[in-house]
Asker: 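A single structure is presented below for examination.
As the structure is a prediction and not an experimental result, all values here were calculated from the model. Values below: every heavy atom of this structure, side chains too, minus hydrogens, waters and symmetry copies. All residue numbers refer to positions in the sequence shown, counting from 1. In listed order, ligands and their atoms are each counted from 1.
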Amino acid sequence: MAIFEVEPGAPLMGEAVIHPAKNAALPVIAASLLTADTLVVPDMPDLTDVQSMCELLVACGATVERDGASMALSARQLTPPASAAMMRWTRASALIMGPMLARLGYARITMPGGCAIGQRPIDLHLKGMAALGAEVTTRQGFIELHGTLRGAVVYLDLPSVGATENIMMAATLADGVTRIENAAKEPEVVDLAHCLNAMGALVHGAGTATIVVRGVESLHGATHQPIPDRIEAGTLCCAAAAAGGNILLRNARPEQMRALLFKLQESGTTVSEFPGGLRIRGKAKWPMEIRTLSYPGFPTDMQAPMMVVACVTPGTSVFLETIFENRFMHVPELIRMGASIRVEDRVAVIEGGYRLQGADVRCPDLRSGAALLLAGLTADGITRVEDGAGHIDRGYVRLEETLSALGAKVRRL
Ligand code: UD1
């Protein structure tokens with residue numbers, strides 16, 4: 001069981017190299033099920049969510065070969081996994097539905113797991129598959145989908161990232177043209193479209209609200225590198241804005257981080273961009289108003305790390321969480337550290353500028369865990385992030401090492 005110990009330290013200095021994104025890697029792993037050939041990912045991030053997803057693929061009959069950071073995924077054989085348990089490890093397990101249905105005409109999944117940040121239904125995924133011609137039934141805790149897929153117009157009530165990705169993958173092998181309307185525009189959706197097109201798919205419009213997929217007979221192997229992690233980069237930006245510092249983030253893509261960087265600049269930090277990365281300097285000075293939204297709005301995954309910045313910045317900040325209904329689970333832990341935060345429904349009001357106090361805190365979910373590590377950097381005394389701190393390894397590659405390389409005092413016990 002992972003426990004992280006954080007001591008307050010000097011402002012952060014130096015450089016970090018941003019890893020490939022979890023949220024780009026997981027759908028690419030699922031996409032490998034669309035072909036009997038090999039999909040190669042040259043640099044796969046070393047994350048427990050990636051391991052869970054790979055174990056699920058192996059349970060579907062695929063082979064996963066690692067050579068250093070490189071990973072080769074081959075699904076010559078494909079069968080629905082027998083066990084429901086491994087689908088509860090990661091939310092992204094739902095992403096095997098589209099590829100499996102498209103390739104076999106049959107898929108069987110269970111309700112996926114992942115962070116308990118809200119109800120996280122998959123109704124939009126299922127409605128999409130039904131629109132493409134699948135018959136959806138529930139039996140003994142499993143959701144079963146049958147049918148030969150035909151292109152169709154699919155309107156999403158919400159621009160769900162996972163539903164857009166799942167439907168996009170299913171549509172690559174459907175008969176005819178699919179239009180996904182009100183599609184998610186996240187960079188990871190665009191990255192998946194690039195991967196699918198490298199495999200021979202015909203996907204257009206990813207990154208806009210309408211994605212058009214022209215179905216093809218079959219897909220082939222390819223090599224695809226998932227994009228750098230804008231959430232890891234953003235978390236490090238928040239670390240610098242909370243603790244002070246001057247750090248260079250290589251591989252960061254500022255053009256995919258506009259909403260966050262704009263807010264950090266508005267609150268008094270200096271951000272400079274250059275080809276291949278960004279630099280952030282200084283400590284936040286002024287309070288902020290944050291409303292989480294779908295891309296290109298402020299990412300819900302950045303809400304917890306940004307709240308730590310608000311806690312240590314003088315003035316009243318207001319956060320509105322519009323994406324997930326249960327995403328303030330870091331708040332009681334921050335209060336345990338001396339933060340002044342009031343939550344009413346989906347609004348958090350933070351009276352910032354007080355010094356946080358180190359404490360033993362529990363890690364309720366992935367992004368909250370990262371936020372609590374950042375809080376520890378700014379607190380007096382020692383902070384121990386325990387009870388679920390393994391969540392952090394689901395989405396950050398050895399975050400304690402990345403922060404330590406920037407001069408922070410963070411240890412894994
Ligand atoms: C993805 C990201 C996650 C991020 C989230 C929002 C991955 C692996 N995870 O999660 O880090 O926090 O996007 O940016 O990429 N919804 C429904 N019905 C559905 C699907 C979603 O009501 O069928 C709702 C959800 O409950 C939530 C909202 O839509 O309120 C957004 O969810 P969605 O975009 O699907 O998030 P994920 O793909 O699960």
Asker: Indicate yes or no for a side-chain donor-acceptor contact from Asn197 to the backbone of Val203 under 3.5 Å, with no hydrogens or angles considered.
Answerer: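 Side chain of Asn197 to backbone of Val203, a donor-acceptor pair under 3.5 Å: yes, one is there.
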Asker: Does an N or O anywhere in Lys22 fall below 3.5 Å from an N or O of ligand 1?
Answerer: no
Asker: Checking contacts here: is it the side chain or the backbone of Leu124 that comes within 4.0 Å of ligand 1, counting heavy atoms only? Could be both or neither.
Answerer: both
Asker: Compare Pro121, Gly297, Pro299, Ala92 and give the one whose heavy atom is closest to atom 19 (C) of ligand 1.
Answerer: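 Looking at heavy atoms only, Pro121 sits closest to atom 19 (C) of ligand 1.
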Asker: Report the C-alpha distance between Arg327 and Glu325 in whole Å, list the side-chain angles of each, state the deciding distance to 0.1 Å, and finish with yes or no for salt bridge (Lys or Arg N to Asp or Glu O under 4.0 Å).
Answerer: CA-CA 6 Å; Arg327 215 170 191 183; Glu325 67 272 21; over 6 Å; no
Asker: How long is the gap from CD1 on Ile392 to SG on Cys363, to the nearest 0.5 Å?
Answerer: 4.5 Å
Asker: Using heavy-atom distances, let me know which of Val161, Asn326, Ile231, Ile323 sits nearest atom 33 (P) of ligand 1.
Answerer: Val161
Asker: At under 4.0 Å between heavy atoms, which part of His125 makes contact with ligand 1: side chain, backbone, both or neither?
Answerer: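 For His125, backbone and side-chain atoms both sit under 4.0 Å from ligand 1.
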Asker: When you measure from the centre of the six-membered ring of Phe142, is the NZ or CZ of Arg108 closer than 6.0 Å and no more than 45° off the axis?
Answerer: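 The answer is yes; both the distance and angle limits are met.
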Asker: Give a yes/no verdict on whether any heavy atom in Met53 is under 4.0 Å from an atom of ligand 1.
Answerer: no
Asker: Please could you name the atoms of ligand 1 that Gly162 approaches to less than 4.0 Å, counting only its heavy atoms?
Answerer: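 Numbered from 1, ligand 1 contributes 35 (O), 38 (O).
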Asker: Take atom CD in Glu273; do more than 12 heavy atoms of anything else shown fall under 6.0 Å from it?
Answerer: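 Result for CD/Glu273: enclosed.
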Asker: Is it the case that ligand 1 has an N or O less than 3.5 angstrom from some N or O of Arg367?
Answerer: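 N/O-N/O distance under 3.5 Å: no.
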Asker: Under 3.5 Å between some N or O of ligand 1 and some N or O of Thr300?
Answerer: no
Asker: Is Asp123 touching ligand 1 with its side chain, its backbone, both, or neither, if touching means heavy atoms under 4.0 Å apart?
Answerer: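 Both parts.
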Asker: Say whether, by atom type as modelled, one donor and one acceptor occur between the side chain of Thr269 and the main chain of Leu264 under 3.5 angstrom.
Answerer: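 Present.
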Asker: Quick check on Arg336: does its CZ atom have over 12 non-hydrogen neighbours (other residues, nucleotides or ligands) under 6.0 Å away?
Answerer: yes
Asker: Which ligand 1 atoms does Arg327 reach within 4.0 Å, using its non-hydrogen atoms?
Answerer: 12 (O)
Asker: Would you check the N or O atoms of Pro159, main chain and side chain alike, for any that come under 3.5 Å of an N or O of ligand 1?
Answerer: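 Between Pro159 and ligand 1, no N or O pair is found under 3.5 Å apart.
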Asker: Does Phe274 CZ have over 12 foreign heavy atoms under 6.0 Å away?
Answerer: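 Above 12, so yes.
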